[in-house]
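Just below is one structure, and these are the notes that go with it.
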Amino acid sequence: MSRTPLVSGNWKMHLNHLEAIQLVQRISYELSNHDYDKVEVSLHPPFTDIRSIQTLVDADRMKFKVGAQNVHAETKGAFTGEVAPGMLAKLNVSYVIVGHSERRQLFDETNEIVNAKAKAILKNEMTPIVCCGETLEQREAGEAESFVESQIRGSLAGLSAEQVASMVVAYEPIWAIGTGVTASTEDAQAMCAHVRGVVEAMKKGTGGSVRIQYGGSVKPNNATELLTQPDIDGALVGGASLEADQFARIVEFGQN
Ligand code: PGA
């Protein structure tokens with residue numbers, strides 16, 4: 001089954017809305033010959049930038065998918081400081097990252113919370129990008145596979161086969177995020193294949209459809225090798241997504 005790769009730029013807490021507009025324009029220029037049907041591209045700015053980017057993407061008929069980095073699971077209510085899924089859907093947001101390791105580690109997001117958020121995103125007709133990934137200690141102790149499996153099982157619990165088939169999982173080993181250390185191509189491919197197997201075991205018939213991204217220090221010089229692996233269907237890019245030329249080269253991964 002052919003899966004369209006998805007390359008996503010996770011801007012984290014960088015760029016105000018004016019800077020964001022400039023970056024999107026630069027990326028669009030860098031990718032003026034890109035075939036977005038071949039490789040899909042989503043941009044995940046901070047919440048305060050989304051409306052500006054949505055307006056720009058619509059007005060200039062850009063082919064980027066607008067994304068978010070987080071969301072609350074509830075529809076509305078007394079949750080000071082939170083953003084509801086319906087608010088993102090109204091801004092034409094297509095993809096929402098959930099369970100990024102920074103949110104799991106710094107904001108105590110558990111698999112249960114990630115699961116509730118994934119359900120809320122799907123209910124609002126957006127696509128979750130559910131993140132998973134082990135620490136260096138877990139990898140060295142030989143626990144990486146079982147830990148990632150428990151994250152996937154917890155985060156995807158109770159979803160229908162149709163929902164699971166439509167979603168995206170991002171495998172991001174924590175030790176590779178923002179460190180310049182990438183997982184070896186073999187390790188990245190092996191874990192993405194493992195994740196696909198876990199998804200298939202959870203919901204029969206979904207393993208061939210679910211898209212699995214690799215994330216963690218993806219750069220232009222390692223993108224081609226990583227993204228041409230059979231079980232890696234794109235990348236979740238942090239640092240390099242803030243540089244238009246670097247991000248564009250990753251999106252192209254040697255295709256143009
Ligand atoms: P990085 O971040 O590309 O800077 O390692 C990836 C991520 O956190 O999604």
Side-chain angles (χ1 to χ4, degrees), residues 5-15 19-20 23 27 30 39-47 49-50 53 64-71 93-109 114 117-118 121 127-136 138-139 144 147-148 151-152 155 167-185 187-189 191-192 195 211-227 229 232-253:
L6 171 67
V7 175
S8 305
N10 173 14
W11 296 3
K12 309 193 179 183
M13 198 170 72
H14 294 287
L15 308 186
E19 295 164 333
L23 179 59
I27 297 172
E30 289 281 345
V39 181
E40 230 187 317
V41 180
S42 66
L43 303 175
H44 301 252
F47 286 133
D49 302 352
I50 293 179
I53 290 180
F64 303 127
K65 300 283 166 59
V66 181
Q69 300 172 19
N70 183 32
V71 71
V93 165
S94 304
Y95 291 98
V96 185
I97 299 168
V98 276
H100 188 280
S101 62
E102 286 151 18
R103 296 217 56 89
R104 290 179 185 266
Q105 292 191 320
L106 305 174
F107 302 96
D108 294 330
E109 261 185 37
V114 174
K117 290 183 176 189
I121 292 162
T127 303
I129 299 178
V130 173
C131 301
C132 61
E134 80 287 355
T135 63
L136 189 56
Q138 288 166 325
R139 176 156 285 264
F147 179 73
V148 168
Q151 285 186 316
I152 296 296
S155 304
M167 60 185 291
V168 181
V169 174
Y171 166 59
E172 299 200 301
I174 294 172
W175 45 273
I177 294 177
T179 57
V181 181
T182 324
S184 71
T185 309
D187 286 347
Q189 158 59 25
M191 189 61 95
C192 290
V195 168
R211 286 184 290 175
I212 303 175
Q213 297 176 313
Y214 168 79
S217 298
V218 176
K219 308 285 176 205
N221 64 3
N222 57 32
T224 305
E225 204 181 314
L226 284 163
L227 301 192
Q229 296 303 306
I232 301 182
D233 308 316
L236 183 53
V237 186
S241 73
L242 296 170
E243 302 292 336
D245 54 340
Q246 288 195 27
F247 186 64
R249 299 295 84 77
I250 294 170
V251 168
E252 291 167 338
F253 60 99

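When reading the values below, keep in mind they use all heavy atoms of this one structure, side chains included, and skip hydrogens, waters and symmetry mates. As the structure lists them, so they are numbered: ligands from 1, and atoms in each ligand from 1.
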N/O donor-acceptor pair under 3.5 Å between R249 side chain and A223 backbone:
no
Taking the side chain from Q246 and the backbone from K219, do they hold a donor-acceptor pair closer than 3.5 Å?
no
Tell me, which residues have any heavy atom less than 4.0 Å from some atom of ligand 1?
N10, K12, H100, E172, A176, I177, G178, G216, S217, L236, V237, G238, G239
With no hydrogens and no angle check, is any side-chain donor or acceptor of D233 less than 3.5 Å from a backbone partner on I212?
yes
Is a side-chain N or O of Y214 found less than 3.5 angstrom from the main chain of G216, in a donor-acceptor match?
yes
Expected output: side-chain H44 to main-chain A68 donor-acceptor under 3.5 Å
yes
So with a 6.0 Å cut-off around CD of Q229, is the heavy-atom count from everything else above 12?
yes
